[in-house]
Amino acid sequence: MLLMTIIEYIRQPWPWYVSGTAIAAIMVVLIFFGRSFGVSSNLRTICSLAGAGKKVPFFQFDYKAQYWNLLFLAGTVAGGFIASHWLSSPGALQLSAATVRDLQALHIQFDGLTAPSQLFGSAALLSAKGWIILGIGGFLVGFGSRYAGGCTSGHAISGLSNLQLPSLIAVAGFFIGGLIMTHLLYPLIFVR
Amino acid sequence: MIKGIKYILTGILFGIIMSKSEAVSWYRIQEMFRFQSFHMYGLIGSAVAIGILITLLIKRYQLKDIKGATITFSDKAWGWKRYLTGGIIFGLGWALTGACPGPIFVLLGQGFPVMLLVIAGALLGTYTYGVIKDRLPH
């Protein structure tokens, strides 16, 4: 009974301060394990495991020291599965009305889910637009995070927590890029 | 293998936290880049505020990790070109896919198979950086 009550409680969408605290806790746990919190370096490790080091020196590094991070990454996939199967919120996502309107103007309908099925359903793979958003978007994330030396976890959480000016510059870059995409490029991409 | 289990468990917790925080939501990222909700700013801001405090305490009291080694933090190499340029490129992708590297994998677990294409793109992007990095300003 108590367990059910706890699960019911966890199932509600979490307020930002609970989530923020929990994310900081993950960083702290990894620090006490003698590691550092950074997800995007796994992409480099996977490239090395696939043999990229044979041709490109950047991928010749002690990737075995990163195995712990791959286990962490496998855990995140499992965590997503657990959350969506047994801990999903009872109601629709509480998106701001202004965002719903803005997206509607771009012909993207708010469906109350995590991501619009219009763009992230498997049917997206049947359209050129779907491939652009998913493939090129992923490419930019992978290229940019390695060029910047980290992503949201490595720079925005770990780096800023350690008061690193380079991380602040990177995070400013994340936002400049995000604003350009949202306000200048979205109207071109989603013109219909 | 036993030693590895704690990383898997931490990852599972992280995946659940990212899901329940809605930081994995494409909609929430759009809301953030349109400045239409405090949610993501409060989330990142509170995580960083607590992170700064704990990092300071760890340094101040020279705390040790579970292996008994004093915890050290490495500084990021100085510069701005790579951070700004790389950051902007990353931001373009973040707003397009609505997901940064952690959430890409969380969403795969949530049942979005199209994330495999995003992961393939991200791996290709990482590989491309490795190939041309010496020709880029850092």
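Remember, predicted model here, so these are calculated numbers, not experimental data. Quick note on labels: first sequence line is chain A, next is B, and so on, each numbered from 1.
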Examine whether an atom of A:Gln60 lies under 4.5 Å from a heavy atom of chain B, and if so say whether it belongs to the side chain, the backbone or both; otherwise answer neither.
->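 Neither the backbone nor the side chain of A:Gln60 comes within 4.5 Å of chain B.
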Heavy-atom check, side chain of [X] versus side chain of [Y], under 4.5 Å:
X	Y	answer
A:Leu43	B:Tyr127	no
B:Ile17	A:Ile23	yes
B:Val114	A:Leu125	yes
B:Tyr27	A:Leu103	yes
A:Pro166	B:Trp80	no
A:Val141	B:Cys100	no
A:Phe81	B:Gln110	no
B:Ile16	A:Leu87	yes

Just checking [X] against [Y], ring centres under 6.0 Å apart?
X	Y	value
A:Phe175	B:Phe33	yes
B:Phe90	A:Phe143	no
A:Tyr147	B:His138	yes

Does the side chain to side chain donor-acceptor pair (under 3.5 Å) test come out yes or no for B:Tyr129 and A:Arg44, once each step is laid out?
-> CA-CA 10 Å; B:Tyr129 170 75; A:Arg44 183 188 182 194; over 6 Å; no
Side chain to side chain donor-acceptor pair (under 3.5 Å) evaluation trace for B:Gln36 with A:Thr99 | CA-CA 7 Å; B:Gln36 288 163 337; A:Thr99 310; 2.6 Å; yes
If you tally heavy-atom pairs under 4.5 Å against chain A, which of [options] wins?
options	result
B:Leu13, B:Thr85, B:Val24	B:Thr85
B:Val48, B:Asp65, B:Ile88, B:Ile44	B:Ile88
B:Thr10, B:Asp134, B:Leu56	B:Thr10

Check step by step if side chain to side chain donor-acceptor pair (under 3.5 Å) holds for A:Asn162 and B:Lys76.
-> CA-CA 10 Å; A:Asn162 192 25; B:Lys76 305 269 181 199; over 6 Å; no
Whether B:Tyr7 and A:Trp68 hold their rings parallel, tilted or perpendicular, with breakpoints at 30° and 60° = tilted
Is it possible for you to say whether B:Leu96 and A:Leu188 belong to one hydrophobic cluster, with membership spreading through side-chain heavy-atom contacts below 4.5 Å?
-> yes
